[in-house]
Amino acid sequence: MAQSGEKIRVLIVDDISETRENLRKLLSFDPGIEVVGAAGSGEEGIALAREFHPHVILMDINMPGMDGITATQKIMEELPATQVVMLSVQGETDYLRRAMLAGARDFLTKPPSGDELMNTIRRVYEMGKARAVTMPAQPTGPGVGPAAPTTERLGNVVAVFSPKGGVGCTTVAVNLAIVLQQMLGDTQKVALMDASVQFGDVGVMLNLQASRTIADLIPHAADLDGEVLNSVVAPHGSGLKVLLAPPQPEMSEGLLDIIQEGGEEGESRSAFGIILDLMRQEFDLTIIDTWSWVDDITMTVFDAAALIVLIVMQDIPSIKSARLFLEVAERLGYPLDKIALVVNGVDRRRGIRVEQIEQAMIPVAAQIPLDEHVVRAAVNHGTPFVIRDRGRPVSQGIASLARYIKDALTEDEEESEEEGSKKAESQKGVGRLRLGRRVFR
Ligand SMILES: Nc1ncnc2c1ncn2[C@@H]1O[C@H](COP(=O)(O)OP(=O)(O)OP(=O)(O)O)[C@@H](O)[C@H]1O
Ligand SMILES: [Mg+2]
């Protein structure tokens, strides 16, 4: 939310005057937002950004002359605190990936709805307030990112992600981790990590008052070991070990910069990457709750993940963003079977049908029903619903996702063993991932 009555200053950059006017009209409904200017080209956009120092720029990706990506890059060099939201039409994912690497914070598909537009502007504005961080200058996709130590066998990572906020990532991650701990805990060490390092809710959902969090590990990133890590992870009553994010205000801008860019001089990996590697050394399976944008923290998680649980709800904006993410994932070189699509909050009477979602995307790995009562009661109580209300359909939905993950990872292990893990990995070229295609036939 805008601080102390400050209006969010927005600059619109689009070569089509009608689009500029439509955006301006939509934004005029929000008294907290002020459109400080509208530019018809990348060059003009840069000039107006210099003049007005907007908080947020809505930038068309594809313009004659200087395109939105180049303009974004130049603006990020001069005004790194500016938050750029890319506007694109379907099918421009190649651009989009480059735009994100150029420093764009988020993206919207044209034409955005009023709600989407305002929510995105507010979200990136809040992020900008909390941190003046630019995207990495170098791609961090597979093969180009810093290498994890390869001598040891690292544990599996399962990321829970959605490019739209508020669709249930934290809810799913927490409950899923508990069920996987129950399923595998006898033989495997299971952990949950909150990679929403600044806005983490995992502690609240598990009623864990963290005396120690990931923030305590950052200063030691250069010489971390299992002992230090184990003194920081919080034990939950279920047996699950949890690496928490600090309560909101505590992760200062400085710490956030360090965790992303991290490292001592000469250290190529970010502090976050080092901490993640250590989690993988200590735990056989780490479930990671992420926030909703693709930045270097989420990219580090994605690269490490054997599976990315992609959460959607039965509405168009959520499905559109998830589809866009699938395209981005493909560009990043991730095979589609690295993504486990999950529909959360399923209500058979409302919204887009699950079959339609599958047609638009990929087969759904699990469905989690809508159950406002049970889910809310669990949050209020600080006890996950898979513990409190084990028999309810919403808990069974999580259990089916857990079984899917267990099977996929087991299949991975078996195939790796058969073929000799090193050979299999080098053939696949995608790290640990070697999931069966059976599910996607
Ligand atoms: N299956 C469900 N049935 C009913 N309510 C749900 C369900 N899943 C999540 N919710 C509710 O939706 C809201 C958002 O959930 P949650 O915080 O898990 O989402 P998120 O994607 O992690 O959001 P954020 O972007 O804020 O991190 C919460 O109020 C949660 O209780
Ligand atoms: Mg969350």
Side-chain angles (χ1 to χ4, degrees), residues 26 29-30 89-90 106-123 160-176 178-179 196 201 204-205 289-293 308-327 329 336 339-381 384-405 439-440:
L26 278 176
F29 289 105
D30 190 325
V89 293
Q90 295 280 357
D106 211 332
F107 56 84
L108 284 168
T109 310
K110 278 185 180 177
S113 72
D115 276 355
E116 266 184 292
L117 187 62
M118 288 172 216
N119 290 342
T120 304
I121 288 175
R122 287 194 183 283
R123 197 166 52 144
V160 182
F161 172 77
S162 157
K164 272 264 169 273
V167 299
C169 288
T170 306
T171 305
V172 171
V174 165
N175 285 279
L176 176 65
I178 299 275
V179 175
S196 283
D201 297 324
V204 176
M205 289 204 194
D289 180 28
T290 60
W291 54 30
S292 295
W293 44 96
I308 300 170
V309 175
L310 175 63
I311 311 276
V312 285
M313 281 189 163
Q314 292 165 290
D315 59 74
I316 298 275
S318 158
I319 293 164
K320 261 173 141 178
S321 313
R323 263 188 64 155
L324 216 50
F325 175 73
L326 280 186
E327 290 174 27
L336 276 186
I339 315 269
L341 181 64
V342 170
V343 190
N344 183 36
V346 174
D347 182 345
R348 298 203 174 278
R349 294 158 305 172
R350 275 186 289 184
I352 318 277
R353 283 184 297 117
V354 173
E355 296 72 35
Q356 288 175 297
I357 297 178
E358 291 190 312
Q359 275 162 18
M361 281 193 279
I362 53 173
V364 163
Q367 301 182 32
I368 298 161
L370 181 78
D371 193 335
E372 277 161 11
H373 176 72
V374 164
V375 173
R376 194 179 312 124
V379 175
N380 291 345
H381 197 263
F385 53 78
V386 292
I387 298 176
R388 285 187 98 224
D389 288 292
R390 203 176 166 160
R392 297 294 287 252
V394 67
S395 300
Q396 287 164 7
I398 298 281
S400 76
L401 175 59
R403 282 191 297 274
Y404 174 93
I405 289 171
V439 242
F440 293 101

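The analysis underlying the following values was restricted to heavy atoms, covering all of them including side chains, and did not include hydrogens, waters or symmetry mates.
The backbone N or O of V354 lies less than 3.5 Å from no partner atom in the side chain of Q314, so there is not a single donor-acceptor pair. Between the side chain of E358 and the backbone N or O of V364 there is at least one donor-acceptor pair closer than 3.5 Å. For D389 (side chain) and R392 (main-chain N/O), no donor-acceptor pair under 3.5 Å exists by modelled atom type. Proximity of a side-chain donor or acceptor of T109 to a complementary backbone N or O of V89 within less than 3.5 Å is not detected. Under a 3.5 Å cut-off, the side chain of S292 and the backbone N or O of S162 do form a donor-acceptor pair. Side-chain atoms of N344 come within 3.5 Å of backbone atoms of V167 as a donor-acceptor pair (strictly under, hydrogens ignored). Under the 3.5 Å distance criterion, the side-chain polar atoms of S318 are left unmatched by any main-chain donor or acceptor of V312. Under a 3.5 Å cut-off, the side chain of N175 and the backbone N or O of F385 do form a donor-acceptor pair. The backbone N or O of G391 lies less than 3.5 Å from no partner atom in the side chain of S395, so there is not a single donor-acceptor pair.
A heavy-atom distance below 4.5 Å is not found between the side chains of I319 and Q356. Between F325 and I339 the shortest side-chain heavy-atom distance falls below 4.5 Å.
Between V179 and A402, the shortest heavy-atom distance links the atoms CG1-CB, 3.6 Å. Taking each heavy atom of P369 and G397 in turn, the nearest pair found is CD-CA, 4.4 Å. Annotation for V172 and I398: closest pair CA-CD1, 4.1 Å, computed over non-hydrogen atoms. Considering all non-hydrogen atoms of both residues, V346 and V343 come closest at CG2-O, 3.4 Å. Closest non-hydrogen pair, S321 versus P163, comes out as O-CG, 3.4 Å. Heavy-atom minimum distance, P112 versus L26: O-CD1, 3.9 Å.
Heavy atoms from other residues, nucleotides or ligands lying under 6.0 Å from CZ of R348 number 12 at most.
Here the straight-line distance linking atom CG of D289 with atom CG of D201 works out to 7.5 Å at 0.5 Å rounding. In this structure, L117 CG and L108 CG are separated by 6.0 Å, a value rounded to the nearest 0.5 Å. Considering CD1 of I368 and CG of L401, their distance stands at 5.5 Å, rounded to 0.5 Å. With rounding to the nearest 0.5 Å, the separation of CG in D106 from CD1 in I121 is 10.5 Å. Atom CZ in R323 sits 12.0 Å away from atom CD1 in I362 (nearest 0.5 Å). With rounding to the nearest 0.5 angstrom, the CG atom of D371 is 10.0 Å from the CZ atom of R376.
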> Does the pair L310 and F161 meet the rule for a side chain to side chain contact (heavy atoms under 4.5 Å, CB included), with working shown?
Replying inline: CA-CA 5 Å; L310 175 63; F161 172 77; 4.1 Å; yes
> Between L341 and L326, does a side chain to side chain contact (heavy atoms under 4.5 Å, CB included) hold up when you go through it step by step?
Replying inline: CA-CA 10 Å; L341 181 64; L326 280 186; 5.9 Å; no
>> side chain to side chain donor-acceptor pair (under 3.5 Å) for R353 and Q359? Distances and angles first, verdict last.
In response: CA-CA 10 Å; R353 283 184 297 117; Q359 275 162 18; over 6 Å; no
